[in-house]
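Worth saying up front: this structure is predicted, and the values here are computed from it rather than measured.
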Amino acid sequence: PKSLVSDLSRKVRVYRPDAMDARDRLDTFMETNRIERRTVYDFDAWVYHRKPSRWLKKLWNIPVSGLIPALLVEVLVVTGIAALVCGWNALLVEGYDDFGGVHHGPII
């Protein structure tokens with residue numbers, strides 16, 4: 001795999017850090033690290049990988065995952081748009097129901 005890593009690392013474009021923004025640096029970082037994350041399983045490793053307790057370990061490792069910074073911008077944009085649409089509908093178009101079940105009309 002060393003030769004594979006060196007072959008693939010030559011194919012990854014190297015940028016000067018001052019010439020790229022944070023998103024480009026993150027993409028370059030993720031692509032170069034993806035080369036090292038290819039997993040080949042033998043039977044024992046597959047049995048260990050399929051243990052029912054693996055989900056607890058996976059959930060525990062979410063804060064240090066590379067997926068969080070990779071998708072953070074997209075998730076925040078979609079969440080923001082969804083919040084705006086819900087707020088628009090609740091406050092300006094249809095109104096809203098409070099926790100007591102009472103309907104309140106739109107502001108306008």
>> When you group the ILVMFWY residues by side-chain heavy-atom contacts below 4.5 Å and let the links chain together, are I68 and L71 in the same group?
In response: no
>> Do W88 and L91 land in one hydrophobic cluster if side-chain heavy atoms of ILVMFWY residues count as linked below 4.5 Å?
In response: yes
> With a 4.5 Å limit on heavy-atom distance, are the side chains of I62 and K58 in contact?
Replying inline: no
Report the distance from atom [atom1] of [X] to atom [atom2] of [Y], rounding to the nearest 0.5 Å.
X: Y48; Y: S53; atom1: OH; atom2: OG; answer: 7.0 Å
X: N89; Y: L84; atom1: CG; atom2: CG; answer: 11.0 Å
X: L72; Y: T79; atom1: CG; atom2: OG1; answer: 9.5 Å

Considering only distance and modelled atom types, tabulate donor-acceptor pairs under 3.5 Å from the side chains of residues 95-108, sequence neighbours left out.
| from | atom 1 | to | atom 2 | distance (Å) |
| --- | --- | --- | --- | --- |
| D97 | OD1 | H103 | ND1 | 2.7 |
| D98 | OD1 | G100 | N | 3.1 |
| D98 | OD1 | G101 | N | 3.1 |
| D98 | OD1 | V102 | N | 2.9 |
| D98 | OD2 | H104 | NE2 | 3.0 |
| H103 | NE2 | E94 | O | 3.3 |

> With distance as the sole test, does R54 use its side chain to make a donor-acceptor pair with the main-chain N or O of R50 at under 3.5 Å?
Replying inline: yes
